[in-house]
Amino acid sequence: LVLYTIGVYAIVRKMPDEGSRFTAVRIFSAFLIGLGLLLGLMVWVQDPKEIVLVIGIIWGAIVVALRDLIQNMVGSLILLVTRMYRIGDRIHIKGVYGTVMDIGIFRTTLMRLDEESGDHPSGQITTIPNGILFRETVTNTSRDLSFTGDEIRITLPFSADIDKTRMLLLGIVQKHTMEVQEKAMAEIEQLSDRKFLPSFATEPTVFVHLDRHKVLMVVKYYTETRRRSEIKNQIVGEISQVI
């Protein structure tokens, strides 16, 4: 109880965000349980050599029988130390895209998001073993940068004025993403100081593709990750009134 009180107090003081503290307290509790089992074993077995032998036999059996569980525990420790993702982050992992709801000792719980509808929560909850970090690529869309890329596709007849439509689209998107562009530039500069990141423009762009029966215009722009759906709806609403 004393160790738990001191440890939790230290964790709360060291870790600023609630998600990391929640995971750290779980791992610390599991460590104390293991320590308690070891102390009980020392009371039961008097000879220190026998203790080492018994621990070795038990550990070998655990490694063989619970390999996946141990790998998941190590994965949770790696998450705690490297902060690859935290509670509240939006990540892609093993074909699943969602918001991190919980990082347990063995598994991570995600609320799946519908990327096509602007990251709308699908209501589906998925759990992924933490050991998968050693085999899969994890994409965190909200760790270092608060913005992400998005696009809007518009089809027009060949009779449409392409240059005029391009200018209208750029003006509308620019109006709704001006603050995001300025914030994105500042975040890119900060990240460039810590990691190698070539500079790139954050202004919206329009690409034109010609088909046999139509003109396809693709507007690409950067938007705030957590307001992606809201900003996109505003842009589409104004475009539908103008074009």
Side-chain angles (χ1 to χ4, degrees), residues 17 19 85-101 109-126 137-192 197-243:
D17 61 291
Y85 57 78
R86 295 171 291 179
I87 294 176
D89 286 354
R90 302 184 180 196
I91 64 172
H92 286 271
I93 180 170
K94 199 173 177 58
V96 177
Y97 174 57
T99 302
V100 179
M101 298 174 59
T109 305
L110 301 176
M111 167 64 75
R112 300 188 71 154
L113 302 176
D114 186 357
E115 198 168 7
E116 296 297 327
S117 62
D119 294 353
H120 189 273
S122 66
Q124 300 175 345
I125 297 178
T126 302
T137 301
V138 179
T139 301
N140 192 331
T141 61
S142 53
R143 178 184 180 183
D144 295 312
L145 302 174
S146 64
F147 65 93
T148 186
D150 204 352
E151 67 176 31
I152 296 174
R153 293 172 173 261
I154 301 173
T155 56
L156 301 169
F158 280 113
S159 59
D161 189 332
I162 295 179
D163 290 335
K164 183 178 179 180
T165 305
R166 184 202 299 268
M167 296 305 298
L168 285 172
L169 292 176
L170 287 175
I172 294 172
V173 175
Q174 186 83 11
K175 182 175 69 173
H176 289 278
T177 60
M178 179 64 71
E179 294 182 2
V180 179
Q181 294 173 35
E182 296 175 355
K183 187 177 180 181
M185 287 298 299
E187 291 182 1
I188 292 171
E189 291 179 359
Q190 293 177 0
L191 188 58
S192 298
L197 179 65
S199 60
F200 54 89
T202 58
E203 294 83 7
T205 55
V206 177
F207 298 92
V208 180
H209 303 274
L210 298 178
D211 200 351
R212 290 180 299 175
H213 306 292
K214 61 185 177 181
V215 176
L216 174 62
M217 303 193 78
V218 182
V219 188
K220 291 185 176 292
Y221 60 96
Y222 290 104
T223 182
E224 190 175 345
T225 302
R226 300 188 181 277
R227 297 180 57 229
R228 178 185 170 197
S229 179
E230 176 188 347
I231 295 175
K232 189 170 188 176
N233 287 336
Q234 294 173 357
I235 295 173
V236 171
E238 187 166 345
I239 289 176
S240 64
Q241 295 177 359
V242 175
I243 302 178

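Because the structure is predicted, anything quoted here is derived from the model rather than measured. Residue indices begin at 1 and follow the sequence shown.
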Can you check whether [X] reaches [Y] side chain to side chain, under 4.5 Å on heavy atoms?
{"X": "Ile152", "Y": "Leu169", "answer": "no"}
{"X": "Val180", "Y": "Tyr221", "answer": "no"}
{"X": "Gln174", "Y": "Gln181", "answer": "yes"}
{"X": "Phe147", "Y": "Lys183", "answer": "no"}
{"X": "Ile239", "Y": "Val219", "answer": "no"}
{"X": "Leu216", "Y": "Ile154", "answer": "no"}

When rounded to the nearest 0.5 angstrom, what distance separates [atom1] in [X] from [atom2] in [Y]?
{"X": "His209", "Y": "Arg153", "atom1": "NE2", "atom2": "CZ", "value": "6.5 Å"}
{"X": "Leu168", "Y": "Asp163", "atom1": "CG", "atom2": "CG", "value": "11.0 Å"}
{"X": "Asp114", "Y": "Tyr97", "atom1": "CG", "atom2": "OH", "value": "10.0 Å"}
{"X": "Thr223", "Y": "Asp150", "atom1": "OG1", "atom2": "CG", "value": "6.5 Å"}
{"X": "Asn233", "Y": "Glu238", "atom1": "CG", "atom2": "CD", "value": "13.0 Å"}
{"X": "Glu230", "Y": "His176", "atom1": "CD", "atom2": "NE2", "value": "11.0 Å"}

Heavy-atom closest pair, residues [X] and [Y]:
{"X": "Phe158", "Y": "His213", "result": "CE1-C, 3.8 Å"}
{"X": "Met111", "Y": "Pro121", "result": "CG-CB, 4.3 Å"}
{"X": "Met217", "Y": "Ile162", "result": "CE-O, 4.0 Å"}
{"X": "Ala184", "Y": "Thr202", "result": "CB-CG2, 3.9 Å"}

Using modelled atom types only, decide if a donor and an acceptor are shared between the side chain of [X] and the backbone of [Y] within a distance under 3.5 Å.
{"X": "Thr109", "Y": "Met101", "answer": "no"}
{"X": "Arg166", "Y": "Val206", "answer": "yes"}
{"X": "Ser122", "Y": "Arg112", "answer": "yes"}
{"X": "Lys232", "Y": "Glu151", "answer": "yes"}

side-chain contact (heavy atoms from CB on, under 4.5 Å) partner of Ile93, chosen from Val138, Thr137, Thr139, Val100: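 Looking at Val138, Thr137, Thr139, Val100, the match for Ile93 under the side-chain contact (heavy atoms from CB on, under 4.5 Å) is Val138.
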
Thr225, Asn140, Thr99, Thr141 screened by side-chain hydrogen bond (donor to acceptor under 3.5 Å, both in side chains) with Asp89, the one that passes: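 With Asp89 as partner, Thr225, Asn140, Thr99, Thr141 yield a single side-chain hydrogen bond (donor to acceptor under 3.5 Å, both in side chains), made by Asn140.
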
side-chain contact (heavy atoms from CB on, under 4.5 Å) between Val215 and Leu210, intermediate numbers included: CA-CA 5 Å; Val215 176; Leu210 298 178; 4.0 Å; yes

